[in-house]
Amino acid sequence: MIKRRFFWWEYLTGKARWDTGITPPEIVDLIEQEKLQPGRALDLGCGTGTNVIYLARHNWQAVGIDYVKTPICAARRKARKASVADKTTLIHANVLDLPDLNLGLFDLVMDIGCLHSLPKSELKEYATAISRSTEPGGLFMLYSFRPTPQNQRGIAPQILESLFLPAFSLTWSNLGKDTASSSGSAWYRFERTGTIR
């Protein structure tokens with residue numbers, strides 16, 4: 001409950017530093033350079049809908065979920081203003097509730113900073129929910145904090161990879177540093193290839 005209040009307050013005061021209004025280049029490259037065919041996309045922890053709207057503008061049917069209501073309301077307004085409300089669905093819900101939302105399967109699932117906010121006790125439940133929401137052959141793009149010797153915040157790459165086995169294969173990763181904090185960070189690209197636990 002404390003974390004939910006923190007996120008609510010950051011959005012309410014306009015201080016949510018992660019809400020940049022810019023779709024990450026890793027997603028832009030996937031859509032515009034690799035020309036990933038439009039389908040159904042899911043953005044977990046979608047905030048004010050920047051990436052949902054970006055995908056809808058590129059002919060995707062895009063669903064966004066966030067467990068804080070304030071950014072979801074803002075995302076709906078932004079989608080209407082961008083004339084893509086008919087291609088977007090924005091839901092106020094917890095990502096762990098995915099199996100109960102009956103949203104079907106997605107060709108592309110994105111998590112840009114949601115997973116590393118979850119308690120470790122919920123990671124397996126999260127991974128199962130993602131596996132059950134991704135089409136065979138579908139992609140899961142994940143941005144997460146990772147521990148470094150200077151800052152232990154986040155999830156180690158080897159733990160993340162094992163978390164999504166055997167349902168996903170890791171096809172690409174890029175280790176870096178989060179520019180808004182002192183945390184290490186990483187991008188991961190998983191492909192849904194195997195069986196669900």
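Please read all numbers here as calculations on a predicted model, not as lab measurements.
When atom types are taken as modelled, the side chain of Asp66 and the backbone of Gly47 share a donor-acceptor pair closer than 3.5 angstrom. Ser162 places a side-chain N or O within 3.5 Å of a backbone atom of Ile159 that can act as its donor or acceptor partner. Judged purely by atom type and a 3.5 angstrom limit, Arg40 uses its side chain to pair as donor or acceptor with the backbone of Leu103. Listed for the Arg192 side chain is no donor-acceptor partner under 3.5 Å among the backbone atoms of Gly137. Remark: the backbone N or O of Gly113 is paired with a side-chain donor or acceptor of Asp111 at under 3.5 angstrom. Side-chain atoms of Thr89 never come within 3.5 Å of backbone atoms of Val63 as a donor-acceptor pair (strictly under, hydrogens ignored).
In the hydrophobic clustering of ILVMFWY residues, with side-chain heavy atoms under 4.5 Å counting as a link, Tyr126 and Ile91 come out together. One hydrophobic cluster, built from ILVMFWY side chains closer than 4.5 Å, cannot hold both Val52 and Leu142; they sit in different ones. Leu123 and Leu96 fall within the same hydrophobic cluster, where Ile, Leu, Val, Met, Phe, Trp and Tyr residues are linked whenever their side-chain heavy atoms come under 4.5 Å apart, directly or through other members. In the hydrophobic clustering of ILVMFWY residues, with side-chain heavy atoms under 4.5 Å counting as a link, Val28 and Trp187 come out together.
Each of Val109, Asp43, Asn51, Ile27 was compared with Met141 under the side chain to side chain contact (heavy atoms under 4.5 Å, CB included) criterion, and only Ile27 meets it. Checking each of Glu34, Glu161, Glu26 against Arg189 for a salt bridge (Lys or Arg N to Asp or Glu O under 4.0 Å) leaves exactly one that passes, namely Glu34. Residue Ile53 is tested with Val84, Leu90, Thr48 for a side chain to side chain contact (heavy atoms under 4.5 Å, CB included); the sole match is Val84.
Ring geometry for Phe140 versus Phe190: interplanar angle under 30°, hence parallel rather than tilted (30 to 60°). Aromatic ring orientation, Phe145 versus Tyr143: perpendicular (interplanar angle above 60°, classes split at 30° and 60°).
Within the 4.5 Å cutoff, the side chain of Leu118 has no heavy atoms near those of the Glu125 side chain. Looking only at side-chain heavy atoms (C-beta outward), Leu139 and Phe106 stay at 4.5 Å or farther from each other. Side chains of Ile155 and Leu163 form no contact here, defined as non-hydrogen atoms less than 4.5 Å apart.
Environment of CZ in Arg76: crowded, with over 12 heavy atoms of neighbouring residues, nucleotides or ligands closer than 6.0 Å.
Atom NZ of residue Lys87 and atom CZ of residue Arg57 lie 11.0 Å apart, to the nearest 0.5 angstrom. Note that CD of Gln37 and NZ of Lys35 are 10.0 Å apart. Values are rounded to the nearest 0.5 Å. Between the CG atom of Leu44 and the SG atom of Cys114 there is a distance of 6.0 Å, given to the nearest 0.5 Å. Put simply, OG on Ser131 and CZ on Phe168 are 4.5 Å apart, with the number rounded to the nearest 0.5 Å. The CD atom of Glu191 sits 11.0 Å away from the OG1 atom of Thr134 when rounded to the nearest 0.5 Å. With rounding to the nearest 0.5 angstrom, the OH atom of Tyr188 is 13.0 Å from the OG1 atom of Thr171.
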- Task: I would like to know whether Asp107 and Trp60 meet side chain to side chain contact (heavy atoms under 4.5 Å, CB included); could you show each step before the answer?
- Result: CA-CA 10 Å; Asp107 305 290; Trp60 287 75; 4.2 Å; yes
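Residue Gly64 comes nearest to Ile72 through the heavy atom pair O-CD1, 4.3 Å, listed as atom of the first residue, atom of the second, then distance. Ala93 and Ile65 get closest at one heavy-atom pair: O-CG2, 3.2 Å. What you find for Pro99 and Ala129 is that their closest heavy atoms are CD-CB, 4.0 Å. The shortest non-hydrogen separation linking Ile31 to Tyr54 is CB-OH, 3.7 Å. Across every non-hydrogen atom of Leu105 and Arg132, the tightest pair is CD2-O, 3.2 Å. Looking at every heavy atom in both residues, Leu170 comes nearest to Trp172 through CD1-O, 3.4 Å.
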